[in-house]
Protein chains: 2
Amino acid sequence: MRKERILAGALQVFKKNGLDGATMDEIANASGFGKATLYYYFKSKEDVLTAILLDGWLKIWESLEPVIANQQSPRKTFVNVLIKIAENAQNRPGLFEFLFNVPKAIKIENQPWKEYQERLYSVIRGLLEDGVKSGEFPNINPNLMFKALGGLFMGLVFMGDREEPVTDKDVEKLLNQLITDPTISHN
Amino acid sequence: MRKERILAGALQVFKKNGLDGATMDEIANASGFGKATLYYYFKSKEDVLTAILLDGWLKIWESLEPVIANQQSPRKTFVNVLIKIAENAQNRPGLFEFLFNVPKAIKIENQPWKEYQERLYSVIRGLLEDGVKSGEFPNINPNLMFKALGGLFMGLVFMGDREEPVTDKDVEKLLNQLITDPTISHN
DNA sequence: TTATTTATCGAATTATTATTCGAAATTTAG
DNA sequence: CTAAATTTCGAATAATAATTCGATAAATAA
C-alpha cells in the first residue's frame, strides 16, 4: 500500500539524516512520490514519524500476544518473548533499532505508540518478577536485571550483522552469562 | 566565564527542548545574553553543542587519568573508574545523561569529543579483558559484560534521585549482582 | 579625558523547509 | 465514452529560526 511505501522511505531517511535532518523532499524521493503526495496521505512530517512508530510497536505487540498468552513458566515465556522480539527485528532490519532509540530523541507526550511500548516493558518486568518469586531466576532486583538485559539483548540483536535467527540457545546463553539459573547446575 | 555561562544555559535548553527544539533565542534568554552575543563567542549553534560535549568529555577524561594511572588490579581500577564517573555525574547533574545520550541523536563525524569518549570506552573494555584474564572476573565475553554494565550503571547513577555519592560498596554490589566474582565465596 | 578595543544587543536579513495551491493525470462509475 | 472522484505533482507560500548588521555601551589604554 501507498502509506507503507512512504513509511519505508521515511524510515530510511530518518535513519540516515536524523529526525530533523530528514526533509520531506528527501522522504518524497526515497519513497518515489512527489512531495505534495505525502501530504495527501499524512497530515504532517510529525504524523509520518508517529505512524512509523505506532505501526512498529503495534506489530511487535501483536506478535507477542500469543507468546504471552500461551502460559508457561516465567523463564520459558521470557525466553520466548526475547526470541520473538529478535525475530521481529530480523524481519524488518533497521526499524527496531529505530524504535528503541528514537524515544530518547523526542518529546513523548500523547504518543499513541507509547502504550504498546509500556505494555511490552511491563510484561518483561512482570516475567522477571515472577521468575524471581518462583525461584527460576536468582534473587536479583528485577529492575536491575531489566536494565542489564536491555543492554545485552540490544547487543545480541542489533549489533551483530548476524543473518541467522536468534535461537532459544542464544537467549539461554545470554541469561546464563548474565545470571545463574539456580535450578541448573553448571560446570 | 562568559562561555561557561552560555554553555550552561544552552544545556538547559537542549535538555528541555531537544537538539532541534532548542532555539538560539531561548538559549540567549537562559544564559542571560542577547542573541547576537552568542555569536560573538560561538560560530554557530552547532558549535555551541560541540563545545558542551567536548568540555564534558574532556573533564571526565581528565578526572579519570589519575585513577587509571594509579595501577591496581583490573577489578579495583574498574571499580574506581565507575566511582569516579559517578562522582562526575553527581557534580554536574544533567550534563552526563546528556553526554551519554546525545550521540544517538546526531551525526558523529569529526566530533572532537569523540576521541575522549572512545578512550574511556576502550579503557573500560581493557579493564574487563584484563580482569577476565587475571581471573578477577569470571570468564564472560567482555563485550557483553560491557553492554550489560552500561545499562546497569546508567541506572545506578542517572535514574535514581540519590544525593549520596556512589561508593565502592555500591559498585561492588552492582558487580556481584551481575557477575559472580570467582575469588569470593558467596552464601 | 579621549581614542581604541572589546562586548553587547535588537532588529533586519537569509536560508531552510514544512505546508498549501491549483492544475493535471489517473482511476472509477454510469 | 464521459463525468465524477481520487491521486499525483512541482511550484508558490509561509513559518521558523539561524545568522549577520549596524549601532551602542563598557572597559582599557594613552
Side-chain angles (χ1 to χ4, degrees), chain A residues 1-56 98 101-113, chain B residues 1-56 98 101-113:
Chain A
M1 230 234 272
R2 320 298 212 199
K3 283 199 171 194
E4 300 281 339
R5 229 170 81 203
I6 293 175
L7 259 31
L11 177 61
Q12 265 182 247
V13 179
F14 278 133
K15 291 203 62 155
K16 185 155 73 74
N17 302 349
L19 297 187
D20 302 271
T23 71
M24 290 303 258
D25 266 300
E26 235 181 312
I27 293 176
N29 280 352
S31 57
F33 285 104
K35 194 175 16 161
T37 305
L38 305 188
Y39 286 90
Y40 184 78
Y41 290 101
F42 296 96
K43 193 155 48 32
S44 66
K45 178 177 163 182
E46 193 187 333
D47 193 34
V48 172
L49 175 61
T50 300
I52 293 177
L53 264 16
L54 178 57
D55 181 63
F98 191 71
N101 279 329
V102 141
K104 288 175 187 156
I106 62 175
K107 295 286 137 225
I108 0 178
E109 273 156 26
N110 311 74
Q111 290 284 332
W113 47 267
Chain B
M1 230 235 273
R2 320 298 213 199
K3 284 199 169 195
E4 300 281 339
R5 229 171 80 205
I6 293 175
L7 258 31
L11 177 61
Q12 264 181 249
V13 179
F14 278 133
K15 292 203 61 156
K16 184 156 74 75
N17 302 349
L19 296 187
D20 301 270
T23 72
M24 291 303 257
D25 266 299
E26 235 182 312
I27 294 176
N29 280 352
S31 57
F33 286 104
K35 195 174 16 161
T37 305
L38 305 188
Y39 287 90
Y40 184 77
Y41 290 101
F42 297 96
K43 192 156 49 35
S44 65
K45 178 177 163 182
E46 194 186 334
D47 194 35
V48 173
L49 175 61
T50 301
I52 293 177
L53 264 16
L54 179 57
D55 182 63
F98 191 71
N101 278 328
V102 141
K104 289 175 186 156
I106 62 176
K107 294 289 134 221
I108 0 179
E109 272 156 26
N110 311 75
Q111 290 283 330
W113 48 268

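The structure presented is a predicted model; accordingly, all values stated were derived computationally and were not measured. Lettering of chains follows the sequences in order, A, B, ..., and the numbering in each one begins at 1.
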Let me know the distance between [atom1] of [X] and [atom2] of [N], rounded to the nearest Å.
X	N	atom1	atom2	answer
Asn29(B)	dA17(D)	CG	C1'	14 Å
Met24(A)	dA14(D)	CE	P	19 Å
Asn17(A)	dT17(C)	CG	P	10 Å
Ile6(A)	dA18(C)	CD1	C1'	15 Å
Lys3(B)	dT8(C)	NZ	P	13 Å
Asp25(A)	dT16(C)	CG	P	13 Å

Examine [N]: is either OP1 or OP2 under 4.0 Å from a nitrogen or oxygen in the side chain of [X]? Give yes or no.
X	N	answer
Tyr41(A)	dT8(D)	yes
Tyr39(B)	dT20(D)	no
Arg2(B)	dT6(C)	no
Tyr40(B)	dT8(C)	no
Thr37(A)	dT7(D)	no

- prompt: Between Ile52(A) and Phe98(A), is a side-chain contact (heavy atoms from CB on, under 4.5 Å) present by the stated rule, with each step listed?
  reply: CA-CA 10 Å; Ile52(A) 293 177; Phe98(A) 191 71; 4.2 Å; yes
query: Rounded to the nearest 0.5 Å, how far apart are OH of Tyr40(B) and CZ of Phe33(B)?
result: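 Rounded to the nearest 0.5 Å, the OH-CZ separation comes to 11.5 Å.
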task: Enter the distance from Thr23(B):OG1 to Lys45(B):NZ here, rounded to the nearest 0.5 Å.
output: 7.5 Å
field: Min side-chain heavy-atom separation Val102(B)-Leu53(B) under 4.5 Å
entry: yes
message: So if I take every side-chain heavy atom of Phe33(A) and compare against dC9(D), dT19(C), dT8(C), which nucleotide ends up nearest?
response: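 Output: dC9(D).
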task: Give one of base, sugar-phosphate or nothing for Thr23(A), where a contact means two heavy atoms less than 4.0 Å apart.
output: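 Sugar-phosphate contact only - Thr23(A) comes under 4.0 Å of backbone atoms but never of a base.
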message: Let's test your reading of the model: under 3.5 Å, does the base of dT19(C) pair with the side chain of Lys45(A) as donor and acceptor?
response: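 Such a pair does not exist between side chain and base.
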side-chain contact (heavy atoms from CB on, under 4.5 Å) assessment of Leu19(A) paired with Leu49(A): CA-CA 8 Å; Leu19(A) 297 187; Leu49(A) 175 61; 4.0 Å; yes
